[in-house]
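Okay, so here's the structure we're looking at.
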Amino acid sequence: QVQLQESGPGLVKPSETLSLTCTVSGGSISNYYWSWIRQVPGRGLEYIGYVYHNGNTDYNPSLESRVTISVDTSKNQFSLKLRSVTAADTAVYYCARSMLVMQWLDYWGQGTLVTGSS
Amino acid sequence: DIQMTQSPSTLSASVGERVTITCRASQSISSWLAWYQQKAGKAPKLLIYDASTLESGVPSRFSGSGSGTEFTLTISSLQPDDFATYYCQQYNGYSTFGQGTRLDIK
């Protein structure tokens with residue numbers, strides 16, 4: 001059974017960089033697309049972007065200037081960096097998997113709350 | 001961006017009832033639509049993809065239909081475990097989600 005687990009700091013100061021890692025277990029990171037999605041508390045879901053196992057990426061245009069997603073196949077992990085954080089970036093961040101680009105997401109991590117505050 | 005609009009935003013129903021949630025796209029997305037169930041404090045769970053294909057392990061009381069711009073999720077006979085928030089997701093190009101429909105116990 002594939003499992004995804006997010007990890008990283010729960011508090012990020014304004015103007016600093018949010019960094020999260022998603023560790024994939026129970027399956028290989030190869031041949032899948034790996035995404036980050038966030039959910040502002042009490043609100044809906046926002047797609048941040050994805051990385052393919054070969055390093056190809058695509059990002060939500062509204063966040064593209066601040067986002068980098070990368071993959072480390074040797075560790076079965078992929079990561080999110082969001083620069084210049086503000087309070088508006090406070091959200092639960094999820095990692096998730098799809099078999100093809102921009103497709104349904106069949107496995108999700110449990111989510112991690114990141115607060116942008118000093 | 002393709003905007004996804006769900007209705008209603010909140011729905012109150014009783015165990016055993018049949019309920020329908022609608023998702024409308026701002027432009028045609030063919031059948032590139034998924035439905036998820038989310039319970040408080042948990043990640044979304046995939047229910048249906050490609051508008052009408054039931055994900056493995058999901059009870060058959062869930063069904064999806066539609067194409068183009070209008071889609072529905074139907075639960076044929078509500079069970080206590082079904083009270084949750086439901087989201088649609090389009091993946092025709094850049095992926096976007098609906099705002100959610102909260103299903104409450106009447």
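In what follows, every chain begins at residue 1, and chains take the letters A, B, ... in the order their sequences are listed.
Both B:Val58 and B:Leu73 belong to a common hydrophobic cluster when Ile, Leu, Val, Met, Phe, Trp and Tyr are linked at side-chain heavy-atom distances under 4.5 angstrom. Linking ILVMFWY residues whenever their side-chain heavy atoms come closer than 4.5 Å, directly or via other members, places A:Tyr32 and A:Leu80 in the same cluster. Cluster annotation: B:Trp35 and B:Leu103 are assigned to the same hydrophobic cluster (Ile/Leu/Val/Met/Phe/Trp/Tyr, side-chain heavy-atom contacts under 4.5 Å, transitive). In terms of hydrophobic clustering, with Ile, Leu, Val, Met, Phe, Trp and Tyr side chains grouped at heavy-atom distances under 4.5 Å, A:Leu20 and A:Trp108 are assigned to different clusters. The hydrophobic clustering, which links ILVMFWY residues whose side-chain heavy atoms are closer than 4.5 Å, places B:Ile2 and A:Tyr47 apart.
Between B:Tyr49 and A:Trp104, the ring planes are parallel. Angles under 30° get that label, and only those over 60° would be called perpendicular.
Listed here is the closest heavy atom pair of B:Leu46 and A:Leu105: CB-O, 3.7 Å. The minimum heavy-atom distance between B:Gln38 and A:Tyr94, with the atom names listed, is NE2-OH, 3.1 Å. Between A:Gly109 and B:Ala43, the shortest heavy-atom contact is O-CB, 3.0 Å. For the pair B:Tyr87 and A:Gln39, the tightest heavy-atom approach, listed with the atom from each and the gap, is OH-NE2, 3.1 Å.
Annotation: B:Trp32, atom CH2; neighbour count of heavy atoms from other residues, nucleotides and ligands within 6.0 Å does not exceed 12. Other residues, nucleotides and ligands contribute more than 12 heavy atoms inside 6.0 Å of the NZ atom of B:Lys39. No more than 12 heavy atoms of other residues, nucleotides or ligands shown are found within 6.0 angstrom of CZ on A:Arg43. Residue B:Arg102 places its CZ atom among 12 or fewer non-hydrogen atoms of other residues, nucleotides or ligands, all under 6.0 Å distant.
At a 4.5 Å heavy-atom cutoff, the contact between B:Ser95 and chain A is made by backbone and side-chain atoms alike. At a 4.5 Å heavy-atom cutoff, A:Leu113 makes no contact with chain B through either its backbone or its side chain. At a 4.5 Å heavy-atom cutoff, the contact between A:Ile48 and chain B is made by backbone atoms alone. Neither the backbone nor the side chain of B:Gln90 comes within contact range of chain A, judged by heavy atoms closer than 4.5 Å.
For the atom pair CG of A:Asp106 and OG of B:Ser56, the computed distance is 11.0 Å after rounding to the nearest 0.5 Å. One distance of note links CD1 of A:Ile37 with CD of B:Gln89; it measures 8.0 Å at 0.5 Å rounding. Between the CE atom in A:Met102 and the OH atom in B:Tyr91 there is a gap of 13.0 Å [rounded to 0.5 Å]. The distance from the OH atom of B:Tyr94 to the CG atom of A:Asn60 is 4.5 Å, given to the nearest 0.5 Å.
Interface summary for chain B: among A:Val101, A:Leu45, A:Asp58, the most heavy-atom pairs under 4.5 angstrom belong to A:Leu45.
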